[in-house]
K.L.:
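One structure, as structure tokens, below. Some questions next.
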Amino acid sequence: MKDFLAISDYTPAEIQDLLDLAVKLKEEYFKKGNQPLFKGRVLGMIFQKPSLRTRVSFDMAMRHCGGDALYLSPNEIGLGKRESIADVARVLSGYVQALMARVFEHEHVLELAKWSSIPVVNGLSDYNHPCQGMADALTIIEKFGRSAKGLNISYVGDGNNVTVSLMHISALLGWNVTVGTPEGYDMNPKAVEIAQKIAKQTGSTLTFVRDPHAAVQGAHVIYTDTWTSMGQEEETAKREKIFPPYQVNAKLVAEADKDVIVMHCLPAHRNHELTDEVADGPHSVIFPQAHNRLHAQKAILARLFGVA
Ligand code: CP
Ligand code: NVA
């Protein structure tokens, strides 16, 4: 595959293989540092939205493997405004060896990939967040084991871009997904259709409920994300009224499996979608999860560069 744009572009075997590579690169990094796999390569990082984890973890993934990264801010690039996406893609293809792009509209990252002769990685769009999905799965596997089938993954809150990638990777790996969202904040129906097709092949189940308590029964993972994603800021006040019943707090966590892990892609809005008590409590894996972005993305880049 030339690009990394969506988890659902891959087969279960391909995703498992990428995760195995991430585990290997992580072990190697902590034992002796990574090999200079990306020596002489530069990743261009296009950001239309803010970022902490995506920016730093991609930059460090390149540096750890002997390469380099270049941050391109919204003002510099003016993607689709100062210059057409097709022209930006073709120009950058002659300067750097791969692109990572965080965009508002998913179409824009698809357009970049269409016109680039180099690999393009989706660093979050309004539709999905596949690099996050990879780090999430790596974190779940580290806790429950590589061959753990039949895990129950519960997502509570806004059915958003992060939920799409979590649902797709969970379905690919044979995990059961339950999503609890308020009316009007359901998941993208196209993404659900794709997940249903995957689930048919892998034997995973997909369940959609309104009641957050019903959503977490038997959960091995409880996952939540911000109630207001980047680009939806004008809806903040309205969302803050609707979502409080979906807060992940100690009471909700107590309803899940006793060994449940609590996940959040971060940034967290503490004491809104996730309480401090839970975020900093014994079930939380939010920081190892954030750190796994680094290792998952090394694996993605290594495959796209064809060096591992
Ligand atoms: N989870 C995540 O993508 O974080 P950033 O927005 O800080 O990159
Ligand atoms: N759903 C969030 C994820 C941030 C990493 C957003 O799109 O803002």
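Both ligands and their constituent atoms are indexed starting at 1 by order of listing. For this chain, numbers begin at 1 and follow the sequence in order. Below, all heavy atoms of this structure are taken into account, side chains as well, without hydrogens, waters or symmetry copies.
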K.L.:
Could you find the nearest protein heavy atom to atom 3 (C) of ligand 2 and give me its residue, atom name and distance?
P.N.:
Asp225 OD2, 3.6 Å
K.L.:
Under 4.0 Å between a Lys/Arg side-chain N and an Asp/Glu carboxylate O for Arg270 and Asp280?
P.N.:
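A salt bridge is present here (some side-chain N lies under 4.0 Å from a carboxylate O).
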K.L.:
Can you tell me the protein heavy atom closest to atom 7 (O) of ligand 1 and the distance?
P.N.:
Leu52 N, 2.6 Å
K.L.:
State whether the side chain of Tyr10 and the backbone N or O of Ala13 hold a donor-acceptor pair below 3.5 Å, judged by distance alone.
P.N.:
no
K.L.:
Checking a contact table here: which protein heavy atom is nearest atom 4 (O) of ligand 1, and how many Å away?
P.N.:
Arg53 NE, 2.8 Å
K.L.:
Taking the ring of Tyr29 and the ring of His64, is the distance between their centroids below 6.0 Å?
P.N.:
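Yes, ring centres under 6.0 Å apart.
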K.L.:
Please check if the side chain of Arg102 supplies one atom and the backbone of Gly123 the other of a donor-acceptor pair under 3.5 Å.
P.N.:
yes
K.L.:
N/O to N/O below 3.5 Å, does that happen between Pro267 and ligand 1?
P.N.:
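No, since none of the N or O atoms of Pro267 sits under 3.5 Å from an N or O of ligand 1.
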K.L.:
Does the side chain of Asn292 come under 3.5 Å of the side chain of Thr139 through a donor N or O and an acceptor N or O?
P.N.:
yes
K.L.:
Arg102: heavy atom below 4.0 Å from ligand 1, yes or no?
P.N.:
yes
K.L.:
N/O of Ser229 under 3.5 Å from N/O of ligand 2, yes or no?
P.N.:
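Indeed, backbone or side chain, Ser229 has an N or O that close.
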K.L.:
Donor-acceptor pair, Glu273 side chain versus Gln247 backbone, under 3.5 Å?
P.N.:
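Not confirmed, Glu273 side chain does not pair with Gln247 backbone.
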K.L.:
What protein heavy atom lies closest to atom 8 (O) of ligand 2? Include the residue and the distance to one decimal.
P.N.:
Met230 N, 2.8 Å
K.L.:
Please work out, at 4.0 Å between heavy atoms, whether the side chain, the backbone, both, or neither of Leu266 comes within that distance of ligand 2.
P.N.:
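Under 4.0 Å from ligand 2, Leu266 contributes backbone atoms alone.
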K.L.:
Starting from atom 7 (O) of ligand 2, what is the nearest protein heavy atom, named by residue and atom, and what distance separates them?
P.N.:
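Going atom by atom, the protein heavy atom closest to atom 7 (O) of ligand 2 ends up being Asn161 ND2, 2.8 Å.
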K.L.:
Does an N or O anywhere in Arg55 fall below 3.5 Å from an N or O of ligand 1?
P.N.:
no
K.L.:
May I ask you to check whether Tyr185 and Phe243 place their ring centers less than 6.0 Å from one another?
P.N.:
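Between Phe243 and Tyr185, which both carry aromatic rings, the centre distance is below 6.0 Å.
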K.L.:
Below 4.0 Å from ligand 1: does a non-hydrogen atom of His129 turn up there or not?
P.N.:
yes
K.L.:
Does Lys143 come within less than 4.0 Å of Asp259, counting only side-chain N to carboxylate O?
P.N.:
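Looking at Asp259 together with Lys143, the answer is no, because their closest N to O distance does not fall below 4.0 Å.
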K.L.:
At less than 4.0 angstrom from any non-hydrogen atom of Leu124, what atoms of ligand 2 do you find?
P.N.:
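So the answer, numbered in order with elements, is 3 (C), 4 (C), 5 (C), 7 (O).
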K.L.:
Does the side chain of Asn152 come under 3.5 Å of the side chain of Asp257 through a donor N or O and an acceptor N or O?
P.N.:
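The criterion, which ignores hydrogens and geometry beyond distance, is not satisfied for Asp257 and Asn152.
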K.L.:
Provide, to 0.1 Å, the distance between atom 2 (C) of ligand 1 and the closest protein heavy atom, together with that atom's residue and name.
P.N.:
Arg293 NH1, 3.3 Å
K.L.:
If the cut-off is 4.0 Å to any non-hydrogen atom of Asn160, which atoms of ligand 2 fall inside it?
P.N.:
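Under 4.0 Å from Asn160, ligand 2 has these atoms: 1 (N).
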K.L.:
Can you see whether Phe47 has Arg55 sitting over its ring - NZ or CZ less than 6.0 Å from the centre and within 45° of the normal?
P.N.:
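Relative to the ring axis of Phe47, which defines the angle, Arg55 lies outside at least one limit.
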K.L.:
Please confirm whether Leu124 comes under 4.0 Å of ligand 1, counting heavy atoms of the residue only.
P.N.:
no
